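Here's the structure we're looking at; comments come further down.
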Amino acid sequence: MVDLHPTLSELAGLPIHSGAEGESFAGNVRDPDAPGQEVAISQYPKGGYMGYSIRTKTHRYTEWRPLKGNTQNAAFRELYAYGSDGIERVNLADRPEHQAVQASLRQRLRSEMAR
């Protein structure tokens with residue numbers, strides 16, 4: 001959502017507010033084949049938890065952290081691999097054969113959140 005302000009401002013030919021966060025993806029609106037960001041980060045509250053997600057072309061990883069108490073450790077995790085249909089059907093989190101992907105996405109998510 002933070003990318004919407006700079007994107008809409010650029011597309012409308014308006015100046016981008018100096019305090020705005022995010023980066024414009026107007027180039028991708030104009031040309032969908034143009035290279036874009038490698039990942040999308042999102043945050044969503046649900047039932048006493050805050051979900052932090054990272055989405056790549058091939059996977060989505062989410063950590064659900066409690067809103068109260070120890071908010072730094074994930075209470076639940078989700079990991080989905082996208083096939084040809086892109087539908088999240090099977091949560092692969094914590095399965096041994098997906099640990100390398102999960103660890104990589106967890107590290108990238110935390111790095112992006114720290115920025």
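What you see is a predicted model, and the numbers here were worked out from it, not measured in a lab.
A cation-pi arrangement is absent between R60 and Y82, since the terminal nitrogen or guanidinium carbon is not both under 6.0 Å from the aromatic centre and inside a 45° cone about the axis.
The side-chain heavy atoms of Q99 and L79, taken from C-beta on, include no pair separated by under 4.5 Å. Between N91 and Y80, some side-chain heavy-atom pair lies under the 4.5 Å cut-off. You'll find the side chain of N73 stays beyond 4.5 Å of the side chain of R65, heavy atoms only. At a threshold of 4.5 Å between non-hydrogen side-chain atoms, the residues W64 and K46 count as touching. Looking at heavy atoms from C-beta onward, Y52 lies out of side-chain contact with Y61 at the 4.5 angstrom threshold.
Looking only at distances, no side-chain donor or acceptor of D3 sits under 3.5 Å from a matching main-chain atom of S24.
F76 and Y44 fall within the same hydrophobic cluster, where Ile, Leu, Val, Met, Phe, Trp and Tyr residues are linked whenever their side-chain heavy atoms come under 4.5 Å apart, directly or through other members. Residues L92 and V101 are members of one and the same hydrophobic cluster, defined by side-chain heavy-atom contacts under 4.5 angstrom among Ile, Leu, Val, Met, Phe, Trp and Tyr. The hydrophobic clustering, which links ILVMFWY residues whose side-chain heavy atoms are closer than 4.5 Å, places M113 and Y49 apart.
Among pairs with a residue in residues 104-114, those fulfilling side chain to side chain donor-acceptor pair (under 3.5 Å) read E63-R110, R108-E112, E112-R115, at least two apart in sequence or across chains. Applying the salt bridge (Lys or Arg N to Asp or Glu O under 4.0 Å) test to every pair with at least one member in residues 18-27, sequence neighbours left out, gives no pairs at all.
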Show the atom names and distances, to 0.1 Å, of all donor-acceptor pairs under 3.5 Å that link a side chain in residues 25-41 to residues at least two apart or in another chain.
| residue | atom | partner | partner atom | Å |
| --- | --- | --- | --- | --- |
| N28 | ND2 | A34 | O | 2.9 |
| R30 | NH1 | E10 | OE2 | 3.2 |
| D31 | OD1 | D33 | N | 3.1 |

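Note: L105 CG to R55 CZ = 11.0 Å, rounded to the nearest 0.5 Å. Here OG of S53 is found 7.5 Å from CG of L109. Values are rounded to the nearest 0.5 Å. Residue L4 holds its CG atom at 10.5 Å from CG of L11, rounded to the nearest 0.5 Å.
I16 and P6 make their closest contact through CD1-O, 3.7 Å (heavy atoms, listed as atom of the first residue, atom of the second, distance).
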Stepwise side-chain contact (heavy atoms from CB on, under 4.5 Å) check, T62 with R77: CA-CA 6 Å; T62 303; R77 294 177 184 82; over 6 Å; no

